[in-house]
Amino acid sequence: MSDMKPSPDTTTLLTALADVLEERLGADPGASYVAKLHHKGLDAILKKVGEEATETVMAAKDGDPRQIVYETADLWFHTLVLLAHCGLRPEDVLEELGRRFGLSGIDEKAARKG
Ligand SMILES: N=c1c2ncn([C@@H]3O[C@H](COP(=O)(O)OP(=O)(O)OP(=O)(O)O)[C@@H](O)[C@H]3O)c2ncn1[C@@H]1O[C@H](COP(=O)(O)O)[C@@H](O)[C@H]1O
């Protein structure tokens, strides 16, 4: 399978990667890691997200910056597969983060509690 290599711009990369992950929903599970995960289903994807979250925690505890970046990339990647599997896009998450931007977590919690 030939996917065009996206520019390193963050939003472009996320959008291009999400397009590929979405396209893999209908692809041959024998020819693609992502298609195989989609084919295995939600529980298999959730298992990978859980594993990668644990590996990220362990990397942070070890304190090796390169390993933290590597494991976080695995975690982000598998959450992007999860989003695609659920019919969602990284743009949906970015929109929510944008909505929260500049709103203090302390103020937000206080507003929620009335
Ligand atoms: N960014 C990634 C990416 N990051 C990690 N991985 C894969 O995620 C898996 C991580 O799982 P582990 O570290 O647990 O390694 P593993 O033991 O091989 O995995 P399991 O057998 O337990 O599932 C590895 O197989 C990695 O190769 C990725 N696979 C694909 N992508 C992107 O997704 C695109 C589509 O991939 P395919 O669907 O495989 O063509 C690629 O072009 C990339 O852009």
Side-chain angles (χ1 to χ4, degrees):
M1 293 186 189
S2 67
D3 303 311
M4 228 170 63
K5 205 160 182 74
S7 88
D9 168 74
T10 309
T11 310
T12 308
L13 174 63
L14 284 176
T15 300
L17 183 52
D19 289 347
V20 173
L21 303 184
E22 215 173 274
E23 182 266 336
R24 294 295 195 262
L25 278 162
D28 174 8
S32 147
Y33 173 76
V34 177
K36 191 171 154 194
L37 263 185
H38 283 313
H39 187 75
K40 283 184 178 172
L42 183 63
D43 284 357
I45 296 169
L46 295 177
K47 186 164 176 277
K48 288 306 293 180
V49 170
E51 281 172 18
E52 302 304 348
T54 303
E55 283 167 18
T56 302
V57 169
M58 285 160 59
K61 291 295 276 183
D62 288 345
D64 176 351
R66 276 171 56 95
Q67 199 59 25
I68 295 170
V69 169
Y70 186 91
E71 296 300 348
T72 302
D74 272 355
L75 177 59
W76 285 17
F77 166 69
H78 284 89
T79 58
L80 289 170
V81 174
L82 173 63
L83 287 176
H85 196 81
C86 295
L88 293 165
R89 301 274 312 178
E91 291 89 337
D92 297 318
V93 178
L94 290 173
E95 191 181 319
E96 176 61 19
L97 287 173
R99 190 188 65 75
R100 296 179 191 181
F101 190 79
L103 177 64
S104 151
I106 291 173
D107 294 344
E108 186 275 333
K109 189 168 182 174
R112 234 188 311 135
K113 295 201 164 174

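Remember, predicted model here, so these are calculated numbers, not experimental data.
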Please tell me whether [X] and [Y] are part of a single hydrophobic cluster in this structure, the criterion being side-chain heavy atoms less than 4.5 Å apart.
{"X": "L37", "Y": "L25", "value": "no"}
{"X": "L46", "Y": "V93", "value": "yes"}
{"X": "L97", "Y": "I106", "value": "no"}
{"X": "I68", "Y": "V49", "value": "no"}
{"X": "L88", "Y": "L14", "value": "yes"}

### Query
Of all residues at least two apart in sequence or in a different chain, which pass the side-chain hydrogen bond (donor to acceptor under 3.5 Å, both in side chains) check with T15?
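Listed in chain order: E91.
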### Query
Between OG1 of T54 and CE of M58, what distance do you get to the nearest 0.5 Å?
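Taking OG1 in T54 and CE in M58, the distance rounds to 8.0 Å.
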### Message
Please find the pair of heavy atoms, one from P90 and one from A18, that lie closest to each other, and give the distance.
### Response
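Answer, listing the atom of P90 first, then A18: CD-CB, 3.4 Å.
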### Message
On a heavy-atom basis, which atom in P65 and which in G63 lie closest, and how many Å separate them?
### Response
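For P65 versus G63, the nearest heavy atoms are CD-O, 3.2 Å.
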### Where at least one partner belongs to residues 87-106, residue pairs that pass ring-ring contact (aromatic ring centres under 6.0 Å, His included), sequence neighbours excluded
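Sorted result for residues 87-106: empty, none.
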### Query
Can you list every pair that meets ring-ring contact (aromatic ring centres under 6.0 Å, His included) and has a residue in residues 49-68, with sequence neighbours left out?
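Qualifying pairs: none.
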### Task
Ignoring hydrogens and angles, tell me if any N or O in the side chain of H78 forms a donor-acceptor pair with the backbone of D74 under 3.5 Å.
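Judged by distance alone, yes, a pair lies under 3.5 Å.
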### Message
I'd like to check the side chain to side chain contact (heavy atoms under 4.5 Å, CB included) partners of K113; sequence neighbours left out, ordered by chain and number.
### Response
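Side chain to side chain contact (heavy atoms under 4.5 Å, CB included) check on K113 returns K109.
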Only distances under 3.5 Å count here; give the side-chain donor-acceptor pairs of residues 79-87 to other protein atoms, sequence neighbours excluded, each with its distance to 0.1 Å.
residue, atom, partner, partner atom, Å
T79, OG1, L75, O, 3.4
T79, OG1, W76, O, 2.7
H85, ND1, H38, ND1, 3.0

### Task
Could you tell me which residues satisfy ring pair (Phe, Tyr, Trp, His ring centres under 6.0 Å) with Y70, sequence neighbours excluded, listed by chain and number?
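Not a single residue meets the ring pair (Phe, Tyr, Trp, His ring centres under 6.0 Å) criterion with Y70.
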### Under the salt bridge (charged side-chain N to carboxylate O under 4.0 Å, His left out) test, residues paired with R66 that sit two or more places apart
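With neighbours one apart ignored, the set is empty.
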#### Entry: Residues which pass salt bridge (charged side-chain N to carboxylate O under 4.0 Å, His left out) with D19, listed by chain and number, not counting sequence neighbours
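If we apply the salt bridge (charged side-chain N to carboxylate O under 4.0 Å, His left out) test to D19, skipping adjacent residues, the hits are R89.
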### Query
Which pairs count as salt bridge (charged side-chain N to carboxylate O under 4.0 Å, His left out) when at least one residue sits in residues 46-64, sequence neighbours excluded?
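For residues 46-64, and leaving out neighbouring residues, the salt bridge (charged side-chain N to carboxylate O under 4.0 Å, His left out) pairs sorted by first residue read K47-E51, K48-E51, K48-E52.
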